[in-house]
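Note that this is a predicted model, so its numbers are computed, not measured. If you read the sequence from its start, that first residue is 1, and numbering goes on from there. Each ligand, and each atom within it, is numbered from 1 in the order the structure gives.
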Amino acid sequence: MIDLRSDTVTRPNAQMRELMAKAEVGDDVFGDDPSVNRLQGYAAELLGFEAALFAPSGTMTNLIALMSHCQRGDEAILGQNWHTYKWEAGGMAVLGSIQPQPLPHQADGSIALADIAGAIKPDDPHFARTRLIVIENTTGGQVLPVAYMQQVQRLAKQHGLACHIDGARIFNAATALAAQDGADVYQKARELTAGYDSVSICLSKGLGAPVGSLLLGSTSFIQKAIRIRKMLGGGMRQAGILAAAGLFALEHQVRRLADDHQHAALLQQGLMAQAEAFGLSDVFQPAPVQSNILFCDLAPEFAAFYQQQLQQQGILCTGGRYQASQGPRVRLRFVTHLDISAAQIQQVLLASENALRAWCLTQQ
Ligand SMILES: *Cc1c(COP(=O)(O)O)cnc(C)c1O
């Protein structure tokens with residue numbers, strides 16, 4: 001089985017499991033778990049924040065951040081495709097009584113500075129109080145550059161707003177940017193997050209830990225966040241077993257994200273070449289890839305056939321139907337990760353070639 005549905009499918013390796021088994025633990029709700037404390041301290045220091053908080057999921061660290069920054073009736077500005085708005089079951093509204101102000105995206109995945117500035121409400125009783133700007137990076141696999149991140153952060157400061165990064169895959173963004181100018185990946189991550197009030201990071205995606213996310217911020221912000229984590233049921237007890245995995249992931253599985261990006265690029269180039277070689281560029285369109293996520297837009301009749309052909313050859317990806325300007329499309333998503341090798345990418349390309357050949361036969 002070659003599972004490209006998500007980088008969340010990664011499993012802890014032998015070394016990680018050994019560290020988990022040996023982890024020193026205590027009751028983390030009392031603040032007594034040495035492994036959790038070590039992970040939180042390490043992560044905060046790594047990105048230059050005062051404090052950090054370990055929680056069960058990225059959905060929860062985002063919600064904790066939103067609820068720590070915003071009171072009931074406050075407003076958060078975010079992108080309409082972002083996880084915090086679209087993929088968290090409306091938690092900010094349901095549980096936080098926070099009004100989302102979603103904004104449309106530009107082609108590069110960002111939301112325009114002018115749109116953000118235009119959405120900030122004046123102090124007027126008709127309006128919710130704008131309180132927070134949320135930025136997601138990477139977003140749909142797209143990498144937002146340091147200059148943009150810093151412009152948003154300064155805009156927030158100018159208006160007295162807080163700013164939060166949903167950095168579930170911030171190390172993928174840092175990896176892609178570091179590859180462009182030869183900088184260190186951790187240094188890039190610090191540049192991307194500098195000046196932000198909070199950052200949420202997933203340990204359980206490409207970094208390969210089984211469970212867990214981190215929220216970074218100031219000491220006083222994390223104090224508030226601890227109460228909200230408790231309120232949401234995210235206070236864990238002997239969580240050091242999980243934190244040990246997270247620490248290993250942060251220390252040893254960040255630099256290897258570059259391999260995942262290379263694999264995604266290989267896959268993209270191979271699929272593009274196949275689409276052209278088989279004359280199928282109108283029904284099979286791999287999008288450019290910047291990190292570890294590759295999207296391919298397919299005509300619906302072809303998509304069902306193609307995905308089934310891949311599945312029969314042991315390859316899994318996800319697919320969602322949507323309405324494009326040229327008509328309905330299915331967008332397949334392939335995510336590379338630490339359990340996918342270069343050899344497996346070649347297997348996927350072979351399987352895809354078989355599928356395209358079979359499709360062409362059905363069209364004769
Ligand atoms: C995965 C993800 C999250 C959090 O997901 P969990 O599954 O709750 O850990 C948040 N934001 C983005 C952009 C993500 O991709």
Side-chain angles (χ1 to χ4, degrees), residues 3-12 39 43 52-67 76 78-92 94-96 100 102 105 108-111 132-144 149 152 163-176 189 192-193 196 198-216 225 228-229 232-234 236 239 242-243 245-246 249-250 257 260-261 264 289-295 318 320 331 333-338:
D3 193 346
L4 297 164
R5 287 174 303 166
S6 176
D7 44 10
T8 56
V9 302
T10 51
R11 275 173 258 216
L39 170 66
L53 188 64
F54 185 54
S57 71
T59 299
M60 190 182 283
T61 47
N62 276 331
L63 182 59
I64 292 171
L66 283 152
M67 290 177 69
L78 27 63
Q80 65 183 6
N81 288 337
W82 289 358
H83 206 276
T84 35
Y85 178 59
K86 194 173 178 183
W87 299 89
E88 295 181 4
M92 63 187 291
V94 177
L95 301 169
H105 295 270
D108 70 355
S110 69
I111 47 179
L132 174 69
I133 302 172
V134 181
I135 294 291
E136 181 177 304
N137 200 5
T138 62
T139 178
Q142 290 180 297
V143 178
L144 306 182
M149 296 300 286
V152 171
C163 49
H164 169 73
I165 302 176
D166 178 356
R169 295 190 181 86
I170 194 73
F171 285 110
N172 290 93
T175 296
L192 284 169
T193 57
Y196 278 81
S198 56
V199 185
S200 162
I201 299 170
C202 279
L203 300 168
S204 62
K205 291 188 168 162
L207 298 185
V211 177
S213 284
L214 286 162
L215 181 61
L216 276 50
I228 291 169
R229 183 184 67 174
L232 297 174
M236 298 183 283
L242 300 173
L250 276 183
L257 291 173
D260 300 342
H261 293 195
V289 63
Q290 297 178 3
S291 60
N292 68 327
I293 302 180
L294 168 62
F295 289 103
T318 58
R331 178 162 290 177
R333 189 180 83 151
F334 300 89
V335 186
T336 56
H337 53 76
L338 90 170

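- Nearest non-hydrogen protein atom to atom 6 (P) of ligand 1 is Gly58 N, 3.6 Å.
- Atom 7 (O) of ligand 1 has its closest protein heavy atom at Thr59 OG1, 4.5 Å.
- Considering only non-hydrogen protein atoms, atom 2 (C) of ligand 1 sits nearest to Lys205 NZ, 2.1 Å.
- A distance-only check finds no donor-acceptor pair linking the side chain of His164 to the backbone of Ala65 [under 3.5 Å].
- The contact set between ligand 1 and Asn62, taken as ligand atoms under 4.0 Å from a residue heavy atom, comprises 10 (C), 11 (N).
- Taken from CD in Glu88 to CG in Leu95, the straight-line distance is 11.0 Å, to the nearest 0.5 Å.
- Comparing Arg169, His83, Lys86, Met60 against atom 10 (C) of ligand 1, the shortest heavy-atom distance belongs to His83.
- Applying side-chain hydrogen bond (donor to acceptor under 3.5 Å, both in side chains) to Asn292 and the options Asp7, Thr336, Thr138 leaves one that passes, Asp7.
- Near Glu136, the atoms of ligand 1 lying under 4.0 angstrom from a non-hydrogen atom of the residue are 13 (C).
- Counting heavy atoms from C-beta outward, Val9 and Val335 have side chains that stay 4.5 Å or more apart.
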Take Ser6 and Arg333 through the side chain to side chain contact (heavy atoms under 4.5 Å, CB included) test and state the conclusion after the steps.
CA-CA 8 Å; Ser6 176; Arg333 189 180 83 151; 3.6 Å; yes
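- Checked by atom type, the side-chain pair Asn172/His261 shows a donor-acceptor distance below 3.5 Å.
- Between Ser213 and Gly58, the shortest heavy-atom distance links the atoms OG-N, 2.9 Å.
- Those atoms of ligand 1 that come under 4.0 Å of a heavy atom in Ser57, given as number and element, are 8 (O), 9 (O).
- Under a 4.0 Å criterion applied to the non-hydrogen atoms of Cys202, ligand 1 contributes the atoms 4 (C), 9 (O).
- If you check which protein heavy atom lies closest to atom 11 (N) of ligand 1, you get Asp166 OD2, 2.6 Å.
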